[in-house]
Amino acid sequence: MVKLRLKRCGKKQRAVYRIVAIDVRSRREGRYLRKVGFYDPIKNQTYFNIPVILYFLEKGAQLTGTVQDISKKSRCFYGT
């Protein structure tokens, strides 16, 4: 099963997250299938590649709760 979830990047005390499509059995820092977005909590910036996200959702992928909250907060994409 594939999920869209956050992958932590950046320095200590300066976390930046990539939103990635990843297999459920992989760890947080593991190999991902594709990068589908970006989230910076410090600058409060988000980016979603909506066509790619819709492709994965059509194939049966699910959003994690955190990614779903970020998408609602940004008013860019409302995942189901």
Which value, rounded to the nearest 0.5 Å, describes the distance between [X] atom [atom1] and [Y] atom [atom2]?
X: Y55; Y: N49; atom1: OH; atom2: CG; value: 13.0 Å
X: Y17; Y: Y39; atom1: OH; atom2: OH; value: 8.5 Å
X: R34; Y: I22; atom1: CZ; atom2: CD1; value: 15.0 Å
X: L57; Y: L63; atom1: CG; atom2: CG; value: 5.5 Å
X: L6; Y: R18; atom1: CG; atom2: CZ; value: 12.5 Å

Closest non-hydrogen atom pair, [X] against [Y]:
X: I19; Y: F48; answer: CD1-CE2, 3.5 Å
X: T46; Y: S74; answer: OG1-CB, 3.4 Å
X: M1; Y: D23; answer: O-OD1, 2.9 Å
X: P41; Y: A15; answer: CD-O, 3.6 Å
X: L4; Y: I53; answer: CD1-CG2, 3.9 Å
X: V24; Y: R5; answer: O-NH1, 4.0 Å

If Ile, Leu, Val, Met, Phe, Trp and Tyr residues are connected whenever their side-chain heavy atoms lie under 4.5 Å apart, and connections chain through other members, are [X] and [Y] in the same group?
X: V67; Y: V52; value: yes
X: V2; Y: Y32; value: no
X: I70; Y: L54; value: yes
X: F38; Y: L33; value: no

Check the surroundings of atom CZ in R31: do more than 12 heavy atoms from other residues, nucleotides or ligands lie under 6.0 Å from it?
no

